[in-house]
Amino acid sequence: MRWSKTFIHTLRQDPADAEVVSHKLMMRAGLISKVAAGIYNSLPLGWRSIDKMSDIIREEMETAGAAELVMPAIQPAEFWEESGRWAQYGPELLRLKDRHDREFCFGPTHEEIITDIVRRSIKSYKQLPVALYQIQTKFRDEIRPRFGLMRGREFLMKDAYSFHADAEDLDRTYRAMEKAYCRIFERCGLGYTPVEADTGNIGGSESHEFMVLADTGEDAIMACPSCGYGANVEKAQTGSISPAPPWPLAEGDAPSEVRTPEMRSVEEVAEFLGVDPAHLIKTMIFESDEEFVAVLIRGDLEINEVKLKNHLDCTHLQLASEAKIEQITGGAQGFSGPVGLEGVRIIADPTVMDLKQAATGANTLDTHLVGVVPGRDFKPETVVDVRTASAGDPCPSCSEPMIEKRGIEVGHIFKLGSKYSEKMRCTFLDAEGKENPMIMGCYGLGVGRTVAAAIEQNHDDKGIIWPLPLAPYEVVLVMLNSDKPEVVEAAEGLYTQLKEAGFDVLFDDRPERPGVKFNDMDLIGFPVRIVAGARGLAEGNIELSLRSGGEKTLVPISDMVETVRKTLDEIRAQLPQ
RNA sequence: CGGGGCGUAGCUCAGUCUGGUAGAGCGCACGGUUCGGGACCGUGAGGCCGGAGGUUCAAGUCCUCUCGCCCCGACCA
């Protein structure tokens with residue numbers, strides 16, 4: 001392709017509305033442009049990278065035994081009503097009506113449709129398993145889209161679904177998908193880590209996320225350097241947390257009230273009372289779908305809302321407002337406690353119940369209770385792990401301290417079980433002639449997000465440094481001094497040769513000044529650069545260099561095709577095939 | 001939805017506090033000089049100052065309402 005014939009428009013400055021580096025660079029390099037919040041054009045250059053990403057995904061999906069299909073973006077509400085998600089899904093689901101007033105949605109995911117497809121055709125265990133995938137545009141009306149392709153509302157996703165006669169068979173496909181995902185990210189040259197994950201509102205039993213490691217990642221990951229355990233903080237377990245230090249105050253038969261004016265934070269209260277923050281019972285009032293709950297955690301720890309949400313099995317969960325807290329506890333925010341608290345369920349983290357003596361809010365303004373004994377002075381309805389893991393906590397499998405990393409969730413695989421197949425009666429007859437719901441898995445991968453993550457991980461202050469497999473063009477041929485006929489002749493000739501040799505090459509044939517061309521070349525980040533200019537050609541040479549670094553080499557024009565081939569082979573040799 | 005910020009030329013921004021007839025740099029067009037790391041000189045085109053109301057002799061600037069965009073939180077590929 002010739003630069004003059006395609007559509008590449010780079011920006012000199014960072015766009016005002018871009019914050020993270022991948023977003024800035026994708027805009028500046030002319031890969032994407034914005035249409036509305038979270039909605040982007042994929043421009044020719046950007047689309048080439050996305051297309052290459054898609055092809056890698058296709059190859060690995062086929063290897064994993066999945067067949068490609070495409071389902072509609074617009075889906076009738078009836079399927080969603082069948083699965084129960086029409087009511088469950090919040091405003092994130094874009095709902096629309098056709099001219100006959102029939103209800104539809106723009107698909108945020110395709111469990112319902114795929115389940116319908118499979119239930120129509122598959123009737124016997126002999127026809128299982130089935131695995132299907134598509135690469136298709138999704139729409140999720142995210143509360144807050146951000147960071148360009150990192151979290152768009154409209155985005156390209158690969159979603160695969162598998163159907164099985166039993167859990168063991170699902171496990172085989174799940175492992176095959178896990179492996180396919182690893183290969184996809186490895187082939188792109190990305191640093192990633194699979195982690196245990198929460199299933200969110202997709203549902204199911206087991207789930208892993210694939211995280212591309214990047215400081216700008218939106219997700220926190222707890223990882224164990226010694227045994228390799230890794231989990232999203234939302235999901236992360238910990239080994240046993242060290243107990244609170246010995247209680248430094250006198251022990252009584254009942255809690256006693258202490259005035260603590262204006263002291264709302266754990267630190268303030270602990271210091272004032274002369275106890276450790278770990279001696280405090282932090283009491284948080286949450287509002288879920290239909291009720292309020294009081295959640296207790298040790299003062300030095302944090303509540304994990306995802307764990308709590310899963311325990312409560314609710315779709316919405318938020319901290320109660322100040323007014324509600326006063327109404328429920330009878331005291332002001334910051335002075336809540338479990339002693340004498342009635343009318344709400346009390347849920348306690350095990351670390352709270354381990355306390356021998358504790359201090360907590362008295363449900364009265366400016367007052368705390370000390371000498372509180374869990375089990376004696378209050379009894380929670382349930383004791384369950386609702387703690388957020390943090391760096392330094394012991395690993396749940398080997399007890400070594402864990403570290404925290406940040407990552408971009410580029411893939412997420414789930415064991416769905418029979419959640420959808422039961423509701424939608426997607427069943428098969430087993431060898432005994434008995435009807436069973438199929439066991440399902442689903443496997444998502446953000447295509448554009450992975451490309452954005454690749455940039456996040458591969459750039460310098462001049463621009464993108466594409467991993468070869470995702471580069472919009474593997475090779476750029478830059479023609480300098482286009483006013484000199486001998487240069488034009490040589491560059492045109494070389495371009496023809498490179499094309500005929502089958503290389504993925506872009507020919508920068510613009511009559512721009514050298515500085516402009518060099519800067520664009522660095523910004524876009526083509527892996528292999530060939531520069532043809534009067535200076536080198538005077539000696540019969542053309543320059544070759546790599547975006548990733550290293551020296552420029554002078555290559556006789558007649559050897560260039562062979563040199564490019566060798567260079568590309570060397571780069572490819574570094575990547576898994 | 002809660003909190004914060006921003007909408008002025010194609011892009012990045014000044015001008016808004018203190019009201020007085022619209023600015024810069026880049027880009028674009030034309031002419032000239034340049035030509036291996038975003039050149040220089042000259043000339044020029046380009047604006048309903050996001051939109052609607054209001055206050056005022058006068059509004060980009062003050063007030064009210066709206067729409068859009070960005071950032072922090074809850075959601076997620």
Side-chain angles (χ1 to χ4, degrees), chain A residues 9-20 23-24 27-28 30 33-39 53 57 89-93 108-110 135-160 181 197-202 207 209-212 218-219 232 234 286-287 305-306 309 315-319 321-322 408-414 442-453 462-463 478-484 487 511-523 531-538 543 552:
Chain A
H9 299 277
T10 58
L11 268 29
R12 289 203 175 202
Q13 284 157 304
D14 284 335
D17 52 11
E19 193 78 6
V20 298
H23 187 196
K24 287 179 186 171
M27 299 279 287
R28 282 194 55 205
S33 63
K34 192 170 78 176
V35 176
I39 302 178
M53 185 74 227
I57 293 169
Y89 238 99
E92 190 178 286
L93 183 65
T109 173
H110 281 69
I135 293 175
Q136 190 247 18
T137 299
K138 300 282 184 281
F139 191 92
R140 296 182 186 175
D141 202 353
E142 295 277 350
I143 298 165
R144 190 154 85 84
R146 57 179 154 178
F147 301 163
L149 293 197
M150 206 78 98
R151 179 193 297 278
R153 291 192 293 169
E154 187 179 303
F155 60 99
L156 197 63
M157 171 165 143
K158 186 283 298 178
D159 44 325
Y181 275 47
D198 182 67
T199 53
N201 62 13
I202 304 279
S207 158
E209 288 169 339
F210 289 80
M211 298 285 188
V212 167
E218 295 185 85
D219 290 271
N232 193 310
E234 293 178 344
F286 284 89
E287 183 177 1
E305 290 193 26
V306 175
K309 201 169 152 185
T315 48
H316 297 287
L317 184 73
Q318 59 181 60
L319 281 168
S321 65
E322 211 167 324
I408 300 161
E409 183 193 343
V410 288
H412 198 164
I413 62 178
F414 303 78
C442 80
Y443 318 91
L445 194 155
V447 183
R449 184 183 280 185
T450 305
V451 171
K462 290 183 166 173
V478 177
M479 171 171 65
L480 304 182
N481 324 107
S482 59
D483 54 328
K484 298 207 165 63
V487 175
E512 289 288 347
R513 294 168 55 82
V516 172
K517 295 186 160 212
F518 287 137
N519 279 297
D520 277 343
M521 168 175 101
D522 290 343
L523 174 61
V531 175
R535 206 159 76 185
L537 281 168
E543 284 163 30
K552 281 184 211 166

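Chain letters run A, B, ... following the sequence lines, proteins first, then strands; residues in each count from 1. Side chains included, hydrogens not; waters and symmetry mates left out as well; all remaining heavy atoms used.
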Worksheet item: Hey, does A/Y181 reach any base, or is it just sugar-phosphate, or nothing, if we go heavy atoms under 4.0 Å?
Response: nothing

Between NZ of A/K138 and C1' of B/rA77 the distance, given in whole Å, is 9 Å

By salt bridge (Lys or Arg N to Asp or Glu O under 4.0 Å), A/K517 pairs with (sequence neighbours left out) A/D508

Atom CD of A/E305 and atom P of B/rC76 are separated, to the nearest Å, by 12 Å

Exercise. Under 4.0 Å between any heavy atoms, over every strand shown, what does A/G152 touch: base, sugar-phosphate, or nothing? Just pick one.
Key: base

From CD of A/Q13 across to P of B/rC13 the rounded distance in Å is 8 Å

Assign each of A/F210 and A/G38 the nucleotide of RNA chain B bearing its closest heavy atom; nearer the 5' end lies the nucleotide of A/G38

Mate of B/rG38 across any strand shown (Watson-Crick or G-U wobble, both atom pairs under 3.5 Å) is none

To the nearest angstrom, the CG-C1' distance between A/D219 and B/rA77 comes to 11 Å

B/rG38 versus B/rG2 - spacing of their C1' atoms, nearest Å:
44 Å

Residues 148-157 of chain A, side-chain donor-acceptor partners within the protein, below 3.5 Å, at least two apart:
from: A/R151; atom 1: NE; to: A/E218; atom 2: OE1; distance (Å): 3.4
from: A/R151; atom 1: NH1; to: A/E142; atom 2: OE1; distance (Å): 3.4
from: A/R151; atom 1: NH2; to: A/E218; atom 2: OE1; distance (Å): 3.1
from: A/R151; atom 1: NH2; to: A/E218; atom 2: OE2; distance (Å): 3.3
from: A/R153; atom 1: NE; to: A/A37; atom 2: O; distance (Å): 2.9
from: A/R153; atom 1: NH1; to: A/D141; atom 2: OD1; distance (Å): 3.0
from: A/R153; atom 1: NH2; to: A/A37; atom 2: O; distance (Å): 3.1

Hits for salt bridge (Lys or Arg N to Asp or Glu O under 4.0 Å) against A/K138, two or more places apart or cross-chain, chain-then-number order -> A/D159

A/E409 atom CD is separated from B/rC75 atom P, nearest whole Å, by 12 Å

- At under 4.0 Å between heavy atoms, what does A/I143 touch on the DNA or RNA strands: base, sugar-phosphate, or nothing? base

Output yes when at least one side-chain N/O atom of A/R144 is less than 4.0 Å from OP1 or OP2 of B/rC72, else no. yes

Determine the interatomic distance between C1' on B/rG23 and the same-named atom on B/rG54; round to the nearest Å. 28 Å

Fill in: Rounded C1' spacing from B/rA58 to B/rU18 in Å
16 Å

* To do: Would you indicate what A/K34 reaches in the nucleic acid, counting non-hydrogen atoms under 4.0 angstrom: base, sugar-phosphate, or nothing?
  => sugar-phosphate

With rounding to the closest Å, how many angstrom separate the C1' atoms on B/rG47 and B/rA9? 6 Å

Next on the checklist: Using atom C1' in both nucleotides, what's the gap between B/rC41 and B/rG37 to the nearest angstrom?
Outcome noted: 22 Å

Contacts of A/H23 meeting ring pair (Phe, Tyr, Trp, His ring centres under 6.0 Å) (sequence neighbours excluded), chain-then-number -> A/Y40

Taking B/rA59 as the reference, what is the distance to B/rU21 when you measure between their P atoms (whole Å, please)? 11 Å

Please examine the side chains of A/T450 and A/F210, heavy atoms only from C-beta on, and report whether any two atoms are closer than 4.5 Å.
no

Applying salt bridge (Lys or Arg N to Asp or Glu O under 4.0 Å) to A/D219 and not counting sequence neighbours gives none

When both distances are under 3.5 Å in a Watson-Crick or G-U wobble arrangement, the nucleotide paired with B/rC1 is B/rG73

State, with a plain yes or no, whether a side-chain heavy atom of A/V447 is found less than 4.5 Å away from one of A/I57. yes

Heavy atoms under 4.0 Å, any strand shown: does A/P108 hit a base, just sugar-phosphate, or nothing?
nothing

Rounded to whole Å, CD of A/E142 lies from C1' of B/rC72 at a distance of 16 Å

Check your understanding: Taking the C1' atom of each, how far is B/rG7 from B/rU61, in whole Å?
Key -> 15 Å

(Q) I'd like to check A/F139 versus A/I39 (side-chain heavy atoms, cut-off strictly below 4.5 Å). Are they in contact? (A) yes

For nucleotides 29-40 of chain B, 5' to 3', base contacts (B), sugar-phosphate-only contacts (S) and non-contacts (-) with protein non-hydrogen atoms under 4.0 Å give -----BSBBBB-

Rounded to whole Å, the NZ-C1' distance (A/K24 to B/rC11) equals 15 Å

pair_partner(B/rU64), Watson-Crick or wobble, both distances < 3.5 Å, evaluates to B/rA52

If pairing means Watson-Crick or G-U wobble with both distances under 3.5 Å, then the partner of B/rA59 is none

Inset, instruction - Sticking with atom C1', work out how far B/rC65 lies from B/rA22, rounded to a whole angstrom. - result: 26 Å

Walking RNA chain B from its 5' end, the first of A/R449 and A/P145 to be reached, judged by nearest nucleotide, is A/P145

* Asked: Could you walk me through whether A/H412 and A/Y443 pass the side chain to side chain contact (heavy atoms under 4.5 Å, CB included) check?
  -> CA-CA 6 Å; A/H412 198 164; A/Y443 318 91; over 6 Å; no

When rounded to whole Å, the CD to P distance for the pair A/E19 and B/rG5 reads 16 Å

Pairing partner of B/rC13, by Watson-Crick or G-U wobble and under 3.5 Å for both distances, is B/rG23

Note to self: Is it the case that B/rC75 (base atoms only) and A/R151 (side chain only) share a donor and an acceptor within less than 3.5 Å, ignoring hydrogens and angles?
What the structure shows: yes

* Asked: How far apart are the C-alpha atoms of A/Y181 and A/V410, what are their side-chain angles, what is the distance that settles it, and do they pass the side chain to side chain contact (heavy atoms under 4.5 Å, CB included) test?
  -> CA-CA 10 Å; A/Y181 275 47; A/V410 288; over 6 Å; no

Mate of B/rU43 across any strand shown (Watson-Crick or G-U wobble, both atom pairs under 3.5 Å) is B/rA29

